[in-house]
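Okay, so here's the structure we're looking at.
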Number of protein chains: 2
Amino acid sequence: MTRPAVILDELDRKIVAALVANARTSFAEIGAAIGLSAPAVKRRVDRMREAGIITGFTAIVLPAALGWRTEAYVEVYCDGAAPPRRLAEVVRDYPEITAAMTVTGGADALLHIRAADIQHFEEVLERIRAEPFIRKTVSQIVLSHLITGSPESGATNSR
Amino acid sequence: MTRPAVILDELDRKIVAALVANARTSFAEIGAAIGLSAPAVKRRVDRMREAGIITGFTAIVLPAALGWRTEAYVEVYCDGAAPPRRLAEVVRDYPEITAAMTVTGGADALLHIRAADIQHFEEVLERIRAEPFIRKTVSQIVLSHLITGSPESGATNSR
DNA sequence: GATGAAACTGGAGGGCT
DNA sequence: AGCCCTCCAGTTTCATC
């Protein structure tokens, strides 16, 4: 799945950083900043898209503006040896679950959930708890964000 | 901060969905899909950007491809009445912290951290634990993702 | 093999009806 | 909101080192 076959040099990293900061930055502008021509930048971007390093471009939207004002992380504890495959299938049926992952620690999985409001969240939670192999859940409702930025964006500085 | 003054109709929502799916979709293409002309689509997008509903456009990058192969959620417990303001300042100094939020429950805050590897993560964790008002931390290291997609993307279906 | 320059194509952006 | 027009960026081709 993940093929780190393509090696990224400093120029590639700068191009990625520029596109993450603003996906609409023109190739000419990026090129001017790093000392490359527009076609050269495009070739590198195409290569990185082909390699799966850049998987797409998306608009950043405030979930609250779309009516999703409640956000929570839910730890899921399963019965016995809960198969992650089975959990993945269930999780896919909930549009409110925006991220799901297996984690170390007592919980089997951690879910990120977006709901319209607390009532909606409770309803989703009850549906999840009703799944056959779910033993218990522990919810942490997000009160406020201390920093802006998505959990999916990688750190931007060098190590 | 958040002004839900602008009302989004069904067309706006479809435009947003199209741009979230692919920020490079042309206005003409979006217009053809929803029965609007390209300039009309552009005007709506401009209006939503002005209103702060669409805050920008970004490239989706696999963190692993950039060398960030370890991901974790860390619950932070603070001494006494820890001021969230103070925590926000500290959190800003760590590029490895890609998200930080206050949450309900025993923990005062939840951090999302990306590190190059376990060694790097441990180093970051030790630095965080050395902060004066941090009492303890509880880490959940992400093993694998069950579904793809960013926690920041809103649910896509209607309620 | 990758880069830079030039030519072509298509969408963005503004004004007008 | 739709139509038209201008301009610029994206994209391809070709020559170069």
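Letters A, B, ... are given to chains in the order of the sequence lines, protein chains preceding strands, and every chain is numbered from 1.
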What is the distance from [atom1] of [X] to [atom2] of [N], rounded to the nearest Å?
X     : N      : atom1 : atom2 : result
A:F27 : C:dT3  : CZ    : P     : 14 Å
B:L36 : D:dG2  : CG    : P     : 5 Å
A:I30 : D:dG10 : CD1   : C1'   : 12 Å
B:I34 : D:dA1  : CD1   : C1'   : 12 Å
A:D46 : D:dG10 : CG    : P     : 12 Å
B:E50 : C:dG13 : CD    : P     : 14 Å

Counting any heavy atom closer than 4.0 Å, what does A:R24 reach on the DNA or RNA strands: base, sugar-phosphate only, or nothing?
->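 Answer is nothing: A:R24 stays at 4.0 Å or more from every strand.
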
Charged N to carboxylate O under 4.0 angstrom, B:R13 versus B:D9?
->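 No, this pair does not count.
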
In terms of side-chain geometry, is the basic nitrogen of B:E71 or B:R114 positioned less than 4.0 Å from the acidic oxygen of its partner?
->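 Counted as a salt bridge, because a side-chain N and a carboxylate O are separated by less than 4.0 Å.
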
Using a cut-off of less than 4.0 Å, is there contact between a side-chain N or O of B:R44 and OP1 or OP2 of D:dA1?
->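 Answer yes for this pair, as a side-chain N or O of B:R44 is under 4.0 Å from OP1 or OP2.
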
So does B:K42 get a side-chain nitrogen or oxygen closer than 4.0 Å to the phosphate oxygens (OP1/OP2) of C:dG13?
->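 Yes.
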
Of the nucleotides C:dG13, C:dG4, D:dG2, which one has an atom closest to the side chain of B:A40?
->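 Nucleotide nearest to B:A40's side chain: D:dG2.
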
Give the nucleotide from the list C:dA6, C:dA12, D:dG10 with an atom nearest to the side chain of A:S26.
->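 Taking heavy atoms from C-beta onward, the closest nucleotide is D:dG10.
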
Comparing B:G35 and A:A28 on DNA chain D - which has the more 5′ nearest nucleotide |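 That would be B:G35.
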
How about A:F57 and B:F57: are their ring centres within less than 6.0 Å of each other?
->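 No, the ring centres sit 6.0 Å or more apart.
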
Report the C-alpha separation of A:R24 and A:E29 in whole Å, then their side-chain angles, then the decisive distance to 0.1 Å, and conclude whether the salt bridge (charged side-chain N to carboxylate O under 4.0 Å, His left out) test is met.
-> CA-CA 10 Å; A:R24 296 212 156 177; A:E29 193 175 337; over 6 Å; no

Got a donor-acceptor pair under 3.5 Å from the side chain of A:R43 to the base of C:dG1?
->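 When only heavy-atom distances are counted, A:R43 does not reach the base of C:dG1 through any donor-acceptor pair under 3.5 Å.
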
